[in-house]
Engineer: 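The structure under discussion is supplied below as structure tokens; questions concerning it will follow.
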Amino acid sequence: MTNFKNLIVTGGSGFIGANFIRYLLDEAGFAGRVINVDALTYAANPASLEDVAQRHGRRYCFERADICDRETMAGILDRYEADAICHFAAESHVDRSIVKPDDFIRTNIIGTYTLLQLARERAGRIVRFHHVSTDEVFGSLGAAGYFSEATPYSPNSPYSASKAASDHLARAYHETYGLPVTTTNCSNNYGPYQFPEKLVPLMILNALEGKPLPVYGDGLNVRDWLYVRDHCAAIWTVMQRGTAGRVYCVGGRCEKPNLEVVHRICDLVDAQAPKLADGRSRRALITYVKDRPGHDRRYAIDCTRIEQELGWKPAETFESGFERTVRWYLGNRKWVDAVRSGEYRRWMDQNYTQR
Ligand code: NAD
Ligand code: TYD
């Protein structure tokens, strides 16, 4: 067990980062201080952590900063005497990376490099750099097989290519400079506070409002779904007990074709919200749209290493996790309305008119 005193969490106002900070302070018994460093891009929502800031006083601090800004980041690491970094900050949406890769290259590659370099310069003090990454770096599977820590990299989108570059840098900083880096490559997350451009929240909210549910291609692309709290527990387990220089694949052992996920969401929204005006099931809203270019067919994770070495296992099932998630979005309209205003809406209008 490692007792970090001052843990920097980059991207803590995004989906997984906000859930991670909640997990640390409310559930994991973390005794130190969390410093959330976030540039507050379109994907961030400070409201996701409002109550945390109120409840935890000085144990939670927020700094608005860009991880590519070397000087500012150096100042933050020193002012807070950071002894650990958990690095979430990234541009994370594949469709955006296809339309405009610039920010992905900048934040995901240059930003990660900047942090690694700053950590290296503080090697005596920083005892753990955890890099949060994705299974998308491995590319696409056929009908059989699983990704594992031994799978060669083969990224297909600008997003996954930028994450792959950041993974290689993290690895190199351990091999070359001995920086105590750990990395997790995780499958698709879902749960509270996810920005509604990703499949799950987009479908929940469109279903609620009786809008079309845009399914790409034939809807049979497969993803391995993991409830976000389970991912947070995995990251914390690795930060505490994982071996420096080691990579851990994290997944839900929950492979589903997109259409099955969308059907499940429709049925849950039908059950939990008022019926559509014409009495149809929300499944009738499904609309097949043009496929995503380079759309990976199947992701599936073999997470034997983290299960056997560190004893981590997901707690939620597909049934329980989606039930909770739909309930959360239906019960948190204020958060949803706030996050859907502004830049996101403009981007959707400009890029998705063909739908
Ligand atoms: P997100 O898009 O919801 O949040 C990203 C956060 O990073 C936002 O708060 C944003 O403001 C911040 N950010 C972006 N650029 C920044 C910059 N230059 N400086 C500082 N902050 C910046 O993303 P997420 O879904 O929470 O993903 C978090 C991490 O987990 C990412 O590294 C992603 O690659 C990885 N990951 C995500 C999933 C998933 O299913 N969402 C799965 C596996 C891994
Ligand atoms: P997404 O949530 O964007 O995650 P990722 O691309 O990182 O896996 O998409 C999940 C799956 O859902 C993916 O196969 C693309 C598909 N998808 C749709 O069919 N319609 C949509 O509107 C979105 C956003 C995604």
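We use all heavy atoms of the structure for the numbers below, so side chains are in, but hydrogens, waters and symmetry mates are not. Remember, it's 1-based here, ligands and their atoms both numbered in the order they're listed.
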Engineer: Output yes when the distance from some N or O of ligand 2 to some N or O of Val215 is under 3.5 Å, and no in every other case.
Structural biologist: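 Between Val215 and ligand 2 (N or O atoms, distance only) the closest approach is not under 3.5 Å.
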Engineer: Quick check: closest heavy atoms across Gly11 and Phe88, and the distance to 0.1 Å?
Structural biologist: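 Answer, listing the atom of Gly11 first, then Phe88: O-CB, 4.3 Å.
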Engineer: Pairs of nitrogen or oxygen atoms closer than 3.5 Å, one from Asn258 and one from ligand 2: do any exist?
Structural biologist: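 Between Asn258 and ligand 2, an N or O pair is found under 3.5 Å apart.
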Engineer: Closer than 4.0 Å to some heavy atom of His93 - which atoms of ligand 2 meet that?
Structural biologist: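 Listed by number with element, the hits are 3 (O).
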Engineer: Please work out which of His295, Lys256, Arg223 has its closest non-hydrogen atom nearest to atom 15 (C) of ligand 2.
Structural biologist: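 Of the listed residues, His295 has the closest heavy atom.
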Engineer: Among Leu220, Leu199, Asn188, which one puts a heavy atom closest to atom 4 (O) of ligand 2?
Structural biologist: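 It is Asn188 that holds the nearest heavy atom.
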Engineer: Please determine whether a side-chain nitrogen of the Lys or Arg among Asp83 and Arg128 lies less than 4.0 Å from a carboxylate oxygen of the Asp or Glu.
Structural biologist: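 Between Arg128 and Asp83 there is no salt bridge, as every charged N stays at least 4.0 Å from the carboxylate O atoms.
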Engineer: Looking only at heavy atoms, is any part of Val94 under 4.0 Å from ligand 2, and if so is it the side chain, the backbone, or both, or is it neither?
Structural biologist: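 For Val94, only side-chain atoms sit under 4.0 Å from ligand 2.
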Engineer: What are the atom names and distances for all N or O pairs under 3.5 Å between ligand 1 and the protein?
Structural biologist:
| from | atom 1 | to | atom 2 | distance (Å) |
| --- | --- | --- | --- | --- |
| ligand 1 | 2 (O) | Ser92 | OG | 2.7 |
| ligand 1 | 3 (O) | Phe15 | N | 3.0 |
| ligand 1 | 9 (O) | Gly14 | N | 2.9 |
| ligand 1 | 9 (O) | Asp38 | OD1 | 3.3 |
| ligand 1 | 9 (O) | Asp38 | OD2 | 2.6 |
| ligand 1 | 11 (O) | Asp38 | OD1 | 2.5 |
| ligand 1 | 11 (O) | Thr41 | N | 3.0 |
| ligand 1 | 11 (O) | Thr41 | OG1 | 3.1 |
| ligand 1 | 18 (N) | Asp66 | OD1 | 2.9 |
| ligand 1 | 18 (N) | Thr107 | OG1 | 3.0 |
| ligand 1 | 19 (N) | Ile67 | N | 3.0 |
| ligand 1 | 21 (N) | Ala39 | N | 3.1 |
| ligand 1 | 23 (O) | Ser92 | OG | 3.3 |
| ligand 1 | 26 (O) | Phe15 | N | 3.3 |
| ligand 1 | 26 (O) | Ile16 | N | 2.8 |
| ligand 1 | 32 (O) | Phe88 | O | 2.8 |
| ligand 1 | 32 (O) | Lys163 | NZ | 2.6 |
| ligand 1 | 34 (O) | Tyr159 | OH | 2.6 |
| ligand 1 | 34 (O) | Lys163 | NZ | 3.1 |
| ligand 1 | 40 (O) | Asn189 | N | 2.9 |

Engineer: Within a distance under 4.0 Å of any heavy atom of Pro214, pick out the atoms of ligand 2 and give their elements.
Structural biologist: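 So the atoms of ligand 2 that pass are 18 (C), 19 (O), 20 (N), 21 (C), 22 (O).
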Engineer: Of Leu118, Leu116, Thr182, which meets side-chain contact (heavy atoms from CB on, under 4.5 Å) against Phe129?
Structural biologist: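 Among Leu118, Leu116, Thr182, the one that satisfies the side-chain contact (heavy atoms from CB on, under 4.5 Å) with Phe129 is Leu116.
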Engineer: Donor-acceptor pairs are to be reported for all side-chain atoms of residues 135-143 against protein atoms at under 3.5 Å, with residues two or more places apart or in another chain.
Structural biologist:
| from | atom 1 | to | atom 2 | distance (Å) |
| --- | --- | --- | --- | --- |
| Glu136 | OE1 | Tyr299 | OH | 3.3 |
| Ser140 | OG | Arg297 | N | 2.7 |
| Ser140 | OG | Arg298 | N | 3.4 |

Engineer: Should the pair Asp103-Arg96 be classified as a salt bridge under the 4.0 Å nitrogen-to-oxygen rule?
Structural biologist: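 Answer for the salt bridge query: no.
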Engineer: Any side-chain donor paired with an acceptor under 3.5 Å for Ser133 and Asp167?
Structural biologist: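 A donor-acceptor contact under 3.5 Å links the two side chains.
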Engineer: Give the atoms of ligand 2, by number and element, whose distance to some non-hydrogen atom of Lys198 is under 4.0 Å.
Structural biologist: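 This gives 2 (O) as the contact atoms.
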Engineer: Is it possible for you to check whether Lys198 lies under 6.0 Å from the centre of the six-membered ring of Tyr190, through NZ or CZ, and within 45° of that ring's axis?
Structural biologist: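 Because its charged atom misses either the 6.0 Å distance or the 45° angle limit, Lys198 does not stack over Tyr190.
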Engineer: Check each of Glu197, Arg298, Arg292, Glu136 against atom 3 (O) of ligand 2 and report the one with the nearest heavy atom.
Structural biologist: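 The option holding the nearest heavy atom is Arg292.
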Engineer: Between Val289 and ligand 2, find which residue part has any heavy-atom pair under 4.0 Å and reply side chain, backbone, both or neither.
Structural biologist: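 It is neither part, as no heavy atom is under 4.0 Å.
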Engineer: Does Arg120 qualify as a cation-pi partner of Tyr177, given the criterion of NZ or CZ under 6.0 Å from the six-membered ring centre and within 45 degrees of its axis?
Structural biologist: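 Positive - Arg120 is close enough to the ring of Tyr177 and near enough to its axis.
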Engineer: For Tyr153 and Pro155, which heavy atoms make the closest approach, and how far apart are they?
Structural biologist: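 Shortest heavy-atom contact: C-CD, 3.8 Å.
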Engineer: Between Asn332 and Trp328, is there a donor-acceptor pair closer than 3.5 Å when you use the side chain of the first and the backbone of the second?
Structural biologist: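 Pair found, side chain donor or acceptor close to backbone of Trp328.
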Engineer: Distance check, rounded to the nearest 0.5 Å: Glu316 atom CD versus Arg229 atom CZ?
Structural biologist: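 Reported to 0.5 Å precision, the distance equals 7.5 Å.
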Engineer: Applying a heavy-atom cut-off of 4.0 Å, say which part of Leu202 lies close to ligand 2: side chain, backbone, both or neither.
Structural biologist: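 It is the side chain that gets close, since no backbone atom is under 4.0 Å.
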